[in-house]
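Working notes, structure below.
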2 protein chains.
Amino acid sequence: MNESPALRIDTTSTTPVYRQIVDGIRSQLVEGRLAPGDALPTVRDLALELGVHFNTVAEAYRLLSAEGWLDLRRRRGAVVTARDTPQAPPKARQIFADKLRQLAAQVRAEGLTRHTVADELDALSAELRGEN
Amino acid sequence: MNESPALRIDTTSTTPVYRQIVDGIRSQLVEGRLAPGDALPTVRDLALELGVHFNTVAEAYRLLSAEGWLDLRRRRGAVVTARDTPQAPPKARQIFADKLRQLAAQVRAEGLTRHTVADELDALSAELRGEN
DNA sequence: GTATAATGTATAGAAACAATGTACAAAAGA
DNA sequence: TCTTTTGTACATTGTTTCTATACATTATAC
């Protein structure tokens with residue numbers, strides 16, 4: 001436990017730091033790289049590693065806890081919990097489709113080609129269909 | 001021209017309105033649904049349609065203009081310009097891959113299945129490979 | 001058992017940001 | 001030249017983000 005979560009904080013991004021932390025850790029949770037029972041670094045340790053204030057990490061942990069991923073207790077730290085996946089609201093799929101296109105549009109505007117974007121989509125799709 | 005850009009503003013989202021506007025319009029630009037020469041609604045018209053202040057739309061237009069998509073002139077409105085796609089920075093692909101996984105993780109956490117997510121990825125990939 | 005130290009929590013403040021209100025500037029057309 | 005239509009500038013207000021500091025809780029040492 002306490003292995004490094006391999007998070008990279010982009011201080012130039014418009015996405016707030018605490019949400020970058022949430023998004024990064026949630027990826028690992030969903031992908032199973034963090035499993036129930038695993039301990040996360042303490043808020044102070046991770047804050048030091050990322051170069052931010054520990055309250056910023058604490059806020060991220062709190063959000064993940066509110067989503068049901070973490071069990072937070074004083075003096076014991078943050079531990080990954082088992083979690084029932086909720087039922088997705090009806091519109092979730094359409095909203096995802098829209099966000100996906102907006103993300104693709106953004107990186108295409110930055111210069112990534114249709115082909116490159118499609119390759120990455122295929123790669124992730126294959127991962128999703130192959131794993132577990 | 002002045003056709004409705006079919007933007008939906010989600011006031012519950014944490015993404016600021018002006019960026020929702022930017023993201024939505026950029027999608028249409030990248031996908032060719034808005035082409036050079038097309039006129040966008042005036043800031044006041046689009047603001048009325050979206051239910052926000054016209055300065056909020058103006059800010060969105062300014063960002064798109066800074067990205068090279070729009071030509072803004074008083075009394076004439078916003079017109080889509082021809083634009084050279086820049087060269088993507090070297091890390092762009094990896095950053096995109098990360099963001100893609102974070103987006104997928106987010107919606108999977110909300111309850112979308114691996115299968116559904118993969119289907120949407122495939123659908124967009126097919127669009128990208130098929131069009132033009 | 002009690003003291004101590006390690007950990008998350010609470011609250012306040014400063015700075016940046018988002019959205020608005022209002023006034024202004026430019027330019028097309030009457 | 002006047003008026004109207006459009007984008008622009010700037011101040012204001014509320015919100016968000018991040019930090020600083022103090023506090024509460026609890027496992028462990030002894």
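Computed from a predicted structure; not experimentally measured.
- Looking at A:Thr81 and A:Asp71, their side chains never bring a donor and an acceptor atom within 3.5 Å of each other.
- Per the geometry, NE2 belonging to A:His53 stands 16 Å off P belonging to C:dA10, to the nearest Å.
- The residue B:Arg44 sits close to a base: some heavy atom pair falls under 4.0 Å.
- Close to C:dA18, at under 4.0 Å from its OP1 or OP2, lies no side-chain N or O of B:Thr56.
- Between B:Val57 and B:Ile21, the closest side-chain pair of non-hydrogen atoms falls below 4.5 Å.
- Donor-acceptor pairing under 3.5 Å, judged by distance alone, is present between the side chain of B:Arg74 and the base of C:dA25.
- A:Arg75 has its CZ atom 6 Å from the C1' atom of C:dA5, to the nearest Å.
- Toward the 5′ end of DNA chain D lies the nearest nucleotide of B:Thr14, the other residue of the pair B:Thr14 and A:Asn55 mapping further downstream.
- Base engagement by B:Phe54 is indicated by at least one non-hydrogen atom pair under 4.0 Å involving a base atom.
- Computed from coordinates, the B:Asp71 CG to D:dT6 P distance equals 16 Å when rounded to whole Å.
- As rounded to whole Å, 16 Å separates atom C1' of D:dA20 from atom CD of A:Glu59.
- Proximity of A:Arg62 to the phosphate of C:dA10: no side-chain N or O atom is located under 4.0 Å from OP1 or OP2.
- In this structure, a donor-acceptor pair under 3.5 Å is absent between the side chains of A:Asn55 and A:Glu59.
- To the nearest angstrom, C1' of C:dA26 lies 14 Å from CG of B:Leu72.
- Put simply, CG on A:Leu63 is 14 Å from C1' on D:dC18, counting in whole angstrom units.
- If you measure from atom CG of B:Leu64 to atom P of D:dG7, you get 13 Å, rounded to the nearest angstrom.
- Proximity of A:Thr42 to the phosphate of C:dA6: no side-chain N or O atom is located under 4.0 Å from OP1 or OP2.
- When B:Arg101, B:Gln94, B:Gln102 are each tested for a side-chain hydrogen bond (donor to acceptor under 3.5 Å, both in side chains) with B:Asp98, only one passes: B:Gln94.
- Considering only heavy atoms from C-beta on, B:Arg129 stays 4.5 Å or farther from A:Arg114 through its side chain.
- Here the P atom of nucleotide D:dG7 and the CZ atom of B:Arg73 are 13 Å apart, to the nearest Å.
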